[in-house]
Protein chains: 2
Amino acid sequence: MSTKQIGASATADDVAELAGVSRWTVTRAFKKDASVSEKSRLKVMKAAEQLGYAPDLLASSLASDRSNLVALLVDDFSNPHKLVMLEKLTRLLRKEGWDTLLVNTLSEDDASVALMTASQRRVDAAVLIGSRFDDKGLATALGARRLRKLLVFARYSANPNTISICCDDHAAMSEICQYVLDKGYKHPIFLAGPQTVSAHVIRKETFLKNWEGATGRPAEFSDVGSYDPNAAYLHTKDLLLGREERDLPDVLVCENDAIAIGAIDAIRFELGLRVPQDIAVIGFDDVPQAQSPNYQLTTYRQPLDIMVAGLIDVLKGEDRQDLAQFHGEIVVRNSA
Amino acid sequence: MSTKQIGASATADDVAELAGVSRWTVTRAFKKDASVSEKSRLKVMKAAEQLGYAPDLLASSLASDRSNLVALLVDDFSNPHKLVMLEKLTRLLRKEGWDTLLVNTLSEDDASVALMTASQRRVDAAVLIGSRFDDKGLATALGARRLRKLLVFARYSANPNTISICCDDHAAMSEICQYVLDKGYKHPIFLAGPQTVSAHVIRKETFLKNWEGATGRPAEFSDVGSYDPNAAYLHTKDLLLGREERDLPDVLVCENDAIAIGAIDAIRFELGLRVPQDIAVIGFDDVPQAQSPNYQLTTYRQPLDIMVAGLIDVLKGEDRQDLAQFHGEIVVRNSA
DNA sequence: CAGAGTTTTGCACGCGCGAGCAAAAACTTC
DNA sequence: GAAGTTTTTGCTCGCGCGTGCAAAACTCTG
């Protein structure tokens, strides 16, 4: 047993032998709240360091039925906000002991294949950070394979088998609408993203309803179909180019910053107009780019850190009922 | 054995029993190149579907010592190019059967802790997609724990224990330098990123050397210290604001697009000058934003797809000697 | 249809660790 | 120092599957 190949990674047995204790004492020495005497813990640690030992998480997961792995399913890599979310999620999850499986579902028809993979890896939870997962696909996927937990992050989900962690879109958009009214804009257009999922409609519906409630007149809207700035650019161009001046909006309320940034570019470079003097623009997310002097984007900042903390609570098994009630704040810059 | 709880995921044994074959036949039916008769394969598949069975990748990894897992270590989430790379890597790796562990090393002192995690999960390889991993830290980390393969993606690495997959920075920057000369610029400044790692110096050194070789005069340079557009903005402002007109550069050659974009904003909004008429700007990477009409960034596009294919070859165990020889192309837009 | 060649199937053993309990050791108290 | 209490240690069994080999079942040829 003591003839280990050089470089071959040591097992708990090797450490135990070297330290003169049993394998289980070694295991305990590496567990946080286990009962080991300080003396043998030190012996173990010394031997472990000598052998370059670290517990095998695979074997541990198999034996304990807890993988400390979380799958992040992402289907949209053109929205820069995803990078912000990925950074926060990976960093904070890691701090709490979870590793992260990044699953690109861009080329899948629906989420089921990705969820299958995740379940085959025995993840403790799968987190959807996507835009296009539709409720029907989710239901199918969920039926196919058992996942311990299915969370939807930064988007509302109507599926009762999922736990949704997002800010209160209704309140947020009401606030934005009020801001637009207060600033005296008369002719808004709401630019919406993908509308496949009922959840996506909240921001749009809220704005339209609030606007009509306050002014008595319906607000115009248009569906971009994706959260890609380039797509938003083309869409805005098609939507506005060639319009009479009196038909042009005085403010574009966008479902998020990715759309807003594309729209601003189109306003300037296709229409030759100024932001905000001719057309103002409001976004949602507060991506890093939003503070670029180019855009000076007025937008809405979700409390991402708090939301991730909520997610971690759920992973830990704590009951939380307030997961769709997070409130952010309007960030007023120069674009509206 | 046949009394499985509803919802509990089935094992190969359960499927075997239902299909009337042995467990190993079940296993083989799920393996690509295994020898199973079509008849029993169908029996197995039918039973598997009925039970909702899929092989447990954890147990499989443990038994076979192959995890089909790759760890991606990232320490820089402000550069939008990372999102492009993550998308390509995750999608193409998945297509070839690898899942991806995303490890955020932003808060680590060096890469060792992250590499440790990766090795504890028995990844088949760890891929560094970072900017700040220094060679010394790598060496330490490598000594501490055995990793099957350590790859460095999109950056040259001098460490002999790593495999670096990147484009030929020397050739690329020579091409850019030639372009700058051809366009008749007289006073370039090279804006460099983090200079902690010897590998990062290649682009800078190449430009400076080529410039001096061609003109007989040294070129100015300045170190931004990170690949964050906002940092580049501030740095460019500090560097150029208040200079006499004759001391201003006529072109900024940037180590990558993240820096270039920050620089363009600073030129416009801090110095009140025009790009490219007053100061031209060249980037590197061709991030999605580079084609925004705001930036129209002249830049260099690395052949990412081919590079990822090279990475996959290495993962498959194929020998490739040309991994630092990929050639991209200059993308000429309006900024220079 | 025998014998050789080929394909398919079954099995013993092990991957590295964890839960939960029982034995052993250490510590208290009177 | 005996008896009771608490802490620490050791151990059996199992997590679900893969490897490599040998037995069994086919296929083919003359």
Side-chain angles (χ1 to χ4, degrees), chain A residues 1 4-5 8-17 19-44 47-48 51-69 97 119-124 145-146 148, chain B residues 1 4-5 8-17 19-44 47-48 51-69 97 119-124 145-146 148:
Chain A
M1 236 356 131
K4 295 296 294 182
Q5 298 228 336
S9 53
T11 72
D13 275 316
D14 304 325
V15 178
E17 192 180 357
V21 298
S22 74
R23 179 165 71 70
W24 295 270
T25 303
V26 174
T27 300
R28 289 198 184 90
F30 277 89
K31 254 181 67 174
K32 269 209 184 94
D33 47 355
S35 83
V36 211
S37 69
E38 190 58 19
K39 207 170 61 183
S40 42
R41 207 185 61 79
L42 284 178
K43 274 197 297 188
V44 167
L51 295 174
Y53 168 81
D56 185 320
L57 260 32
L58 232 58
S60 163
S61 303
L62 186 62
S64 70
D65 205 34
R66 269 195 100 242
S67 62
N68 286 308
L69 246 189
S119 75
Q120 287 185 266
R121 296 264 177 208
R122 293 217 187 176
V123 298
D124 292 335
R145 188 79 187 161
R146 230 171 98 85
R148 307 220 167 77
Chain B
M1 239 351 134
K4 295 296 292 184
Q5 296 230 336
S9 54
T11 72
D13 275 315
D14 304 324
V15 178
E17 191 180 357
V21 298
S22 74
R23 178 166 73 71
W24 294 271
T25 305
V26 175
T27 300
R28 289 198 185 90
F30 277 88
K31 254 183 67 175
K32 269 213 182 89
D33 48 354
S35 83
V36 211
S37 68
E38 189 59 17
K39 208 171 58 181
S40 44
R41 208 186 60 80
L42 283 178
K43 273 197 297 187
V44 167
L51 295 175
Y53 168 81
D56 185 319
L57 261 32
L58 230 59
S60 162
S61 303
L62 184 63
S64 71
D65 205 34
R66 268 194 101 242
S67 62
N68 287 307
L69 246 189
S119 76
Q120 287 185 269
R121 296 261 178 211
R122 293 218 188 175
V123 297
D124 292 335
R145 188 78 187 162
R146 229 171 100 83
R148 308 224 165 76

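Every chain is numbered from 1 and lettered A, B, ... according to where its sequence line falls, protein lines coming before strand lines.
- Contact annotation for A:Arg122: backbone-only contact, meaning every heavy-atom pair under 4.0 Å involves sugar-phosphate atoms and none involves a base.
- Side-chain atoms of A:Arg28 and base atoms of C:dG18 include no donor and acceptor less than 3.5 Å apart.
- Atom-to-atom, NZ of B:Lys39 to P of C:dT8 comes out at 11 Å; the value is rounded to the nearest Å.
- The heavy-atom pair separating A:Val36 from A:Ala29 by the smallest distance is CG2-N, 3.9 Å.
- On a pure distance criterion of 3.5 Å, a polar donor-acceptor pair joins the side chain of B:Arg23 and the base of D:dG18.
- In the set D:dT9, D:dT19, D:dC15, the nucleotide with an atom closest to the side chain of A:Thr25 is D:dT9.
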> Between A:Leu69 and B:Arg121, does a side chain to side chain contact (heavy atoms under 4.5 Å, CB included) hold up when you go through it step by step?
Replying inline: CA-CA 10 Å; A:Leu69 246 189; B:Arg121 296 261 178 211; 3.8 Å; yes
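- As judged by a 4.0 angstrom heavy-atom cut-off over every strand, A:Ser40 is placed among residues touching the sugar-phosphate backbone only.
- One atom, CG of A:Leu62, and another, C1' of C:dC15, lie 9 Å apart when rounded to the nearest Å.
- Among the protein residues, A:Arg66 comes within range of no part of the nucleic acid, since none of its heavy atoms lies under 4.0 Å from any strand.
- Considering only side-chain atoms of A:Asp56, the nucleotide from C:dC17, D:dT9, D:dC17 that sits closest is C:dC17.
- The base of D:dT12 sits with one of its N or O atoms less than 3.5 Å from a complementary donor or acceptor on the side chain of A:Trp24.
- The OG atom of B:Ser67 sits 12.0 Å away from the CG atom of A:Leu57 when rounded to the nearest 0.5 Å.
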